[in-house]
Amino acid sequence: MKVLLIQPPLVQLNSPYPAGAYLASFFRTMKCEVCFLDLSISLFYKIFSRPGLTRIFELTEKRALEMADKAEREGDGATAFNLRRYVSTADSWCRWIDVITAILRGQAREKEHELLFSPKAPRGSRMENFLDGLGREPSVDDVRFLASYALADLADYITAVFDSNFSLVRYAESLTVDESSFSEIEKRLDSPVMTEFYRKLLEDVLDQDDYGTDFLVGITVPFAGTFMPALYTARYIKEKYGSQAYVVMGGGFVNTELREADDMALGKYIDALSYDRGYGGFYDFIKKTESSGGGMAFDSTPIYKFRKFTKNGVIAPDWKGDEHITFIESSATRGTFPDFSDIDFSVYPRLCDDKNPMQRLWSDGSWIKAYLAHGCYWHKCAFCDTQLDYVCGYEMTDVDCLFKSLYRTACDKGVYGVHFVDEAMPPLALKSFALLNSRAVNLGGSKPLYYWGNVRFEKSFTYDLAALLSYGGLGGVSAGLEVATGDGLKNINKGTDIDSIVSACAAFKENGILVHAYMIYGFWNDTAQNIINSMETLRQFFAAGLLDSAFWHKFILTKNSRVMEEWEKGLHPELKPIFPEEKSIFARNCLHFEGEKRFSKWGTALDNALTAWMHGKKLEMPVRKWFDFDVPTPTVPKDLIEKAIDRYEERKSAPVRDIEKREIFWLGSKPVACGKVNKKGLRKYSWIYMQEEFSLELEESLAELLWKLRPETEENLYKKFLAQIKKSPEVEKLRGSGLVII
């Protein structure tokens, strides 16, 4: 069977989304002929290129000037000036756009000076604000920022005068979230960007290949903002190929918002919706296709986790499946690894939209995306979709095989960064991956992987483990702090506490690992006191240097969350969900609740404070002063985090128990001898650890043994050396200076 996998626009531009790569790998194990297309990056270049911008300005000049005249009549001189400047300098933008995108790909280095200093180079308001905000003379090191803001300026223009739903990422997100009628979505499907640029892209890509009489098309829809382009893609394929193409949509948006969708209008565009991981469903589909003689028109037959739209109506999914299908899905989860062979990573731009180093990770770097484990090993947080497979269906991968696969991809593609997209990376899997990465030098490699992703802030992440993970390539973590108060964490069933969170953050930060926290406010049972206490605790985290960045989210109640499951059992009487009178095609998971709007006014102040803290500003300012309305005084002790750090230091230096059951690694540099052996048979050795010099009198045999206990040592030899060092009484003395005990 031929399979075409499509990532529609628009998601993050620096890396391909991983769903298509995982499914490509899975289909190839089933002997299918597979093509994986990332149309997100393709549409980007269709617009942000000399021909693309030339067409944009041709189509918008008249309207832009009319809007400028109107703005001027209304006294908005700044808008009038900016619109006229775009039109006036259109030729400059068109001549420079290919250079701008090349700079963001790490090319055209010699043109960076010209973009920065030439009076002929284009300028927009975001570019000018960036340069004015430097507070110094710009240098060529600022150019990638300048190029990133150039794209943002152009996107602003396109949104203002061409397509109001356009964005560099997540196109037309509000439409699919807010609309309850599918007919309203259809009315807006032929938007300017879709008809003028995306259709031409589909013609270029899909008209050049012969996919045969029957082929499968899988379209991934990870976010609400990708649904409109996905629908447009499906319509084009159906118009061109008709029943020859069996079109299936899946992904995060489908799994949540379209989980119960049964509107037959969808059947004009797609043949089925695929839920959850997809492996079992596609396996079942292919096997039943083969048993039917090769045709795909077995309308009345249910498919595992497929909702089928047929001429005879909607066929509900087979949710349980037989033992063989569930076994296939489980084994595929453990043993399927992303196949990016169809992807050219060199075309992905690396955008710089923030100087904060942790914020930069999301957009600056062509990451290979993968997961260490499917689902979350905790899956008990009150606000999370704990009833859905992407959270509750926890299953580890084969970490050894995963590493080998990712390392091969890195060497083939020249991309050595990995973004793990797990709900929460398991500590044990991280440790295994770090050791495998360290031992990559034994494979003849000189460029081990650098990786980051989501974790849970919990006591498992000790200083020693964080040190090993850092040594093994872990560069950043993000995790849910959510409610930075003891009672708040209990109320949302977070499964951790402030001390454990402080310990994890401190351990990561001490070992050079960047740390990001996700915050939530506006819970169903929230209070002003709780939010201000959470904000004050977060301020202390930043003031103590435990966090690099964070982000505030406003709580959204979802149908498949743990709190709704408990509410249906009679718990949480204070929660009063509002169920829509009209059945919506989209609003199937997100629900409103009584009182949810009472905390909306908090968002601006929370975001403003956080922006300042992430850049090291106003950390001593009382949190109440960020608000233009009355808020309570924090009741959090001013030294809450300082005392938690003190307790962390005590635990870190406490004697190690049951050392015979532990693993010991040497992370320092090679101990070098200083002087001669003394009368006690000892010799002074010095080494570097954490950029500091350490020295100690050691037996020569112990010094040699330490170097053999590096994480790079092959596992069979490591076990031999580990047994030897456990006999030495000097082990404890070396903790904190290069030796870790895990």
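Along the sequence shown, the residues carry numbers beginning at 1. Hydrogens, waters and symmetry mates are skipped; everything else that's a heavy atom, side chains included, is used. Note that the structure is a prediction, hence the values are computed from the model and not measured.
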Less than 4.5 Å apart, side chain to side chain, heavy atoms only: is that true for R235 and D190?
yes
Could you state the interatomic distance from CD1 (I6) to SG (C35), rounded to the nearest 0.5 Å?
8.5 Å
For I328, does its backbone N or O pair with a side-chain atom of S331 as donor and acceptor, under 3.5 Å?
yes
Taking every non-hydrogen atom, the tightest pair across L5 and A24
CD1-N, 3.3 Å
Checking K2 side chain against V217 main chain: does a donor-acceptor pair fall under 3.5 Å?
no
Charged N to carboxylate O under 4.0 angstrom, K200 versus D204?
no
Quick check against the 3.5 Å criterion: does T101 have a side-chain atom that pairs as donor or acceptor with the backbone of I97?
yes
Hey, do the aromatic rings of F197 and F166 have their centres closer than 6.0 Å?
no
Taking the side chain as every heavy atom from C-beta outward, state whether S330 and E395 have any pair of such atoms under 4.5 Å apart.
yes
Can you tell whether the side chains of R408 and D412 come within less than 4.0 Å, N to carboxylate O?
no
About how many Å separate CG of L23 and CZ of F36, when rounded to the nearest 0.5 Å?
9.0 Å
Go through the steps to decide whether I368 and S15 satisfy the test side chain to side chain contact (heavy atoms under 4.5 Å, CB included), and finish with yes or no.
CA-CA 7 Å; I368 301 168; S15 298; over 6 Å; no
Looking at K240 and D207, is there a salt bridge between them, counting it only when a charged N and a carboxylate O are closer than 4.0 Å?
yes
Less than 6.0 Å separating the ring centroids of F285 and Y304?
no
Do the ring planes of F282 and F27 sit parallel (below 30°), tilted (30 to 60°) or perpendicular (above 60°)?
perpendicular
Trace of the side chain to side chain contact (heavy atoms under 4.5 Å, CB included) decision for L115 with V99:
CA-CA 9 Å; L115 177 63; V99 172; 5.6 Å; no
pair L59-E196: side-chain heavy atoms closer than 4.5 Å:
yes
Could you tell me whether a side-chain N or O of T326 sits under 3.5 Å from a main-chain N or O of D322, the two making a donor and an acceptor?
yes
Mind running side chain to side chain contact (heavy atoms under 4.5 Å, CB included) on E423 and N454 for me, showing each step along the way?
CA-CA 6 Å; E423 291 297 306; N454 293 331; over 6 Å; no
When you check the gap from the basic side-chain N to the acidic O, do R126 and D353 get nearer than 4.0 Å?
no
Would you find a donor on one side and an acceptor on the other, under 3.5 Å apart, between the side chain of S405 and the backbone of C401?
no
Check K238 with D271, please: is the shortest side-chain N to carboxylate O separation under 4.0 Å?
yes
In I47, L53, I56, the residue satisfying side chain to side chain contact (heavy atoms under 4.5 Å, CB included) with L154 is L53
Indicate whether the side chain of Y17 and that of T226 have a donor and an acceptor atom separated by less than 3.5 Å.
no
Over 12 foreign heavy atoms within 6.0 Å of CD1, I556:
no
Close side-chain approach of R199 and Y232, heavy atoms under 4.5 Å:
yes
Separation of I219 CD1 from S274 OG (nearest 0.5 Å):
12.0 Å
Whether R334 and D398 form a salt bridge (side-chain N of Lys/Arg under 4.0 Å from carboxylate O of Asp/Glu) is what I want to check.
no
Rounded distance [0.5 Å steps], CG in L13 versus CZ in R350:
14.0 Å
Between F44 and P9, is any pair of side-chain heavy atoms under 4.5 Å apart?
no
Quick check, are the ring centers of F215 and Y241 under 6.0 angstrom apart?
yes
Could you go through E66 and R63, starting from their C-alpha distance and side-chain angles, then the distance that decides it, and tell me whether this counts as salt bridge (charged side-chain N to carboxylate O under 4.0 Å, His left out)?
CA-CA 5 Å; E66 289 173 349; R63 181 159 189 246; over 6 Å; no
Taking G251's backbone N and O only, do any of them form a donor-acceptor pair with T220's side chain (distance below 3.5 Å, no angle check)?
no
Do any N or O atoms from the side chain of S363 and from the backbone of L351 form a donor-acceptor pair under 3.5 angstrom?
yes
Check M249 against A234 and note the closest heavy-atom contact, atom names and distance.
CE-CB, 4.1 Å
Over 60° means perpendicular and under 30° means parallel, so tell me whether F145 and Y149 are parallel, tilted or perpendicular.
parallel
For E33, does the CD atom sit with more than 12 other heavy atoms under 6.0 Å from it, leaving out its own atoms?
no
Passes side chain to side chain contact (heavy atoms under 4.5 Å, CB included), T60 versus Y86? Steps please.
CA-CA 10 Å; T60 60; Y86 278 116; over 6 Å; no
Whether the Y275 and R307 side chains hold a donor-acceptor pair (N or O, under 3.5 Å, no angle test) is what I'd like checked.
yes
Heavy-atom nearest pair, P349 first then Y45, reads CD-OH, 4.0 Å
Polar side-chain atom of R50 near backbone of D98 as donor-acceptor pair, under 3.5 Å:
no
Parallel, tilted or perpendicular: ring planes of W362 versus W452, cut at 30 and 60 degrees:
perpendicular
State, to 0.1 Å, how close M194 and L43 come at their nearest heavy-atom pair, and which atoms those are.
CE-CD2, 4.4 Å
Closest approach of P302 and A316, non-hydrogen atoms and distance?
CB-O, 4.1 Å
Hey, what do you get for CG (D318) to NZ (K308), rounding to the nearest 0.5 Å?
11.0 Å
Of T256, N255, N589, D385, the residue whose pairing with N560 passes side chain to side chain donor-acceptor pair (under 3.5 Å)
N589
D422 side chain vs L372 backbone, donor-acceptor pair below 3.5 Å:
yes
Testing the basics here: between F340 and A21, what is the closest heavy-atom pair and its distance to 0.1 Å?
CE2-CB, 3.5 Å
K287 bridged to E290 by N-O distance under 4.0 Å
yes
I'd like to know if the side chain of S88 and the backbone of R84 have a donor-acceptor N/O pair within less than 3.5 Å.
no
Using the side-chain hydrogen bond (donor to acceptor under 3.5 Å, both in side chains) rule, take T310 and N312 through it: C-alpha gap first, then chi angles, then the decisive distance, then the call.
CA-CA 5 Å; T310 75; N312 301 318; 4.8 Å; no
Do the side chains of M1 and M30 get nearer than 4.5 Å, heavy atoms only?
no
Side-chain heavy atoms of T333 within contact of Y371, under 4.5 Å:
yes
Just so I know, are the side chains of V193 and N165 near enough to count as touching, which here means a heavy-atom distance under 4.5 Å?
no
For this output row, return yes or no: ring centroids of Y269 and F309 closer than 6.0 angstrom.
no
Under a 4.0 Å N-O cut-off, is there an ion pair linking D276 with R259?
yes
What's the spacing between R277 CZ and D389 CG if we round to 0.5 Å?
4.0 Å
Counting only heavy atoms from other residues, nucleotides and ligands, does the tally under 6.0 Å from NZ of K404 exceed 12?
no
